[in-house]
Amino acid sequence: MLKLPIYMDYQATTPVDKRALDAMLPYFTDKFGNAASKSHEFGWYAEKAVEMYRGKIAELIGCKTQEIVITSGATESNNLAVKGIAELFSNVKKKIITAPTEHKSVLDSCSALAKKGFEIYLLKVDKFGLIDLNELRDAIDGNTALVSIMTVNNEIGTIQPVEDIGRICKEKEVLFHTDATQAVGKLPVNVQQMNIDLMSFTAHKMYGPKGVGALYVKSKDPKVKLNPQIDGGGHENGFRSGTLNIPGIVGFGKACEIAANEMSVENEKIKKLGERFYQGLSSQLDDFFINGHPEKRFPGNLNICFKHADSGTLMMSMKEIAVSSGSACSSAAVEPSHVLKAIGLKDDELRSSIRFGIGRFSTEEEIDFAVNKVTESVKKIRSVFKQVLQH
Ligand code: PMP
């Protein structure tokens, strides 16, 4: 039986996998200890759990356990990486290279640094949201402290050539940070192979709990240092103070273990459902296109522009489907997406784009329902639009 409303907003967040929840539950009650309590069993249990589940997080991205710094999520990880590196280098290097399609937590961190005298160089992106590697190579100079380019875009799903970006940064001896929030747990990510020095990600986009994330910080060749953004008891090797969220870390680690085991099968399923959705729409509708790269993309993210169909009106007329226009990450303000603007969408296209997310719990039945509902709603809105034009 189809349960309404249908969730198609997997880029905003994901439900916690029951297996991750089961792993977490004892750590709220029986095993409630503080991992920093070194003098008794409660603390030892907590510390043991942290190290075991931190290990699973590390394993998923191919790094050492001690290279994982636990944070409250990717927003904090991005702030820590960008500001932490900039502040450390502030007396010698004052340039940061990024792109206009980054998440606001990177862009706003950069804006804060610009006010303190840093130069923020925004690379151009093409109509698919891809940066130009030659421009990157030319932009890196002796004043550059950091390059920060995301792995998968949260709004349009475009995958950047991270391995190549990392190689260029390595050649030029500049640190490379990537916000891989929409990639980790969904696509294979290996920090060694991809030449990454710092990487942000978060549990709640990969079927783990909200409020816990990580920053990978390379410990050798080079050993990356950064200025902490939260001072206190010196937890997390001094990178991030604060009592650890043990249930959150356990859920995050379990979610990583599940992702590692099931990613390839899950991706096949998501790809097929994405194709089914697109083909279904194509067989009944015209005048629409996918925003982002046609191939270099995460297949569970379909950001579609339906011409002559206002996205606000469209979403209102299909309340049975939970989708998003713009990005849920930008709090309450419904502003046209900075990502869609950056890839050159015209005003009317900006206002007619909707992101459909497909994930672990999506089904064929849901996709078929969504195809019919979207088709019916778009046709209705377009016919009203036509009538208005005729008057
Ligand atoms: N970066 C990207 C690419 C994201 O999609 C998000 C979540 N919308 C974030 C960062 C912020 O993550 P968190 O919600 O864990 O702070």
Side-chain angles (χ1 to χ4, degrees), residues 7-16 20 57 61 68-83 98-111 125 129-131 148-160 162 165 177-187 189 196 198-216 229-230 240 242 245 248-249 251-252 255-256 259 291-293 297-298 300-303 322-335 337-340 342-343 355-359:
Y7 192 67
M8 292 190 84
D9 204 8
Y10 278 89
Q11 278 69 41
T13 195
T14 58
V16 175
I57 299 169
I61 64 162
I68 295 292
V69 177
I70 299 293
T71 65
S72 63
T75 297
E76 188 191 329
S77 301
N78 284 340
N79 273 263
L80 177 57
V82 174
K83 293 177 184 167
T98 185
T101 42
E102 291 296 307
H103 190 262
K104 286 285 183 192
S105 52
V106 166
L107 292 176
D108 289 353
S109 292
C110 287
S111 303
V125 292
L130 287 175
I131 63 154
S148 181
I149 300 292
M150 74 204 314
T151 307
V152 173
N153 187 276
N154 50 310
E155 294 196 36
I156 56 176
T158 296
I159 304 173
Q160 297 286 359
V162 170
I165 298 171
H177 164 249
T178 187
D179 172 1
T181 301
Q182 298 285 345
V184 173
K186 296 175 182 168
L187 298 171
V189 171
I196 296 165
L198 298 122
M199 185 172 82
S200 304
F201 53 115
T202 193
H204 78 97
K205 310 279 185 182
M206 48 176 293
Y207 312 95
K210 292 169 187 57
V212 60
L215 180 68
Y216 157 73
Q229 301 299 304
I230 301 178
R240 198 270 189 185
N245 169 1
I249 295 166
F252 191 7
C256 288
N291 294 313
H293 201 281
R297 57 180 305 100
F298 173 60
N301 179 338
L302 287 136
N303 191 317
V323 289
S324 121
S325 70
S327 126
C329 321
S330 306
S331 69
V334 185
E335 279 176 24
S337 144
H338 70 283
V339 173
L340 298 181
I343 62 170
R355 182 183 67 187
F356 298 88
I358 298 169

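Because only heavy atoms are used, hydrogens play no part in the values below, and waters and symmetry mates are left out as well, while side chains stay in. Counting convention: from 1, in listed order, for ligands and their atoms alike. Quick caveat: nothing in here was measured; it's all calculated off a predicted structure.
- Residue contact check: Thr75 has heavy atoms under 4.0 Å from atoms 11 (C), 12 (O), 13 (P), 16 (O) of ligand 1.
- With sequence neighbours excluded, no residue satisfies salt bridge (Lys or Arg N to Asp or Glu O under 4.0 Å) with Glu102.
- Residue Met150 approaches ligand 1 through these ligand atoms, each under 4.0 Å from one of its heavy atoms: 3 (C).
- Counting heavy atoms closer than 4.0 Å to ligand 1, residue Lys210 contributes nothing at all.
- You'll find the side chain of Phe298 stays beyond 4.5 Å of the side chain of Asn154, heavy atoms only.
- Checked by atom type and distance alone, the side chain of Glu155 never pairs as donor or acceptor with a backbone atom of Leu340 at under 3.5 Å.
- Judged by distance alone, the side chains of Asp179 and Ser200 never bring a donor and an acceptor atom under 3.5 Å apart.
- Close contacts between ligand 1 and Asn154 involve ligand atoms 3 (C), 5 (O) [criterion: under 4.0 Å to a heavy atom].
- Polar contact with ligand 1: present for Asp179 (N/O pair, distance under 3.5 Å).
- Judged by distance alone, with hydrogens and angles left aside, the side-chain atoms of Thr101 form no donor-acceptor pair with the main-chain N or O of Val339 at under 3.5 Å.
- For ligand 1, the atoms lying closer than 4.0 Å to a non-hydrogen atom of Gly73 are 15 (O).
- When the heavy-atom distances from atom 15 (O) of ligand 1 to Thr151, Asn78, Thr202 are ranked, the shortest goes to Thr202.
- Taken from OG in Ser325 to CG in Asn303, the straight-line distance is 9.0 Å, to the nearest 0.5 Å.
- Here's the thing with Glu76: none of its N/O atoms is less than 3.5 angstrom from an N/O atom of ligand 1.
- Between Lys205 and ligand 1 there is a heavy-atom distance shorter than 4.0 Å.
- The residue from Thr181, Thr13, Thr14 that alone fulfils the side chain to side chain donor-acceptor pair (under 3.5 Å) condition with His204 is Thr13.
- Under a 4.0 angstrom heavy-atom cut-off, His204 registers as being in contact with ligand 1.
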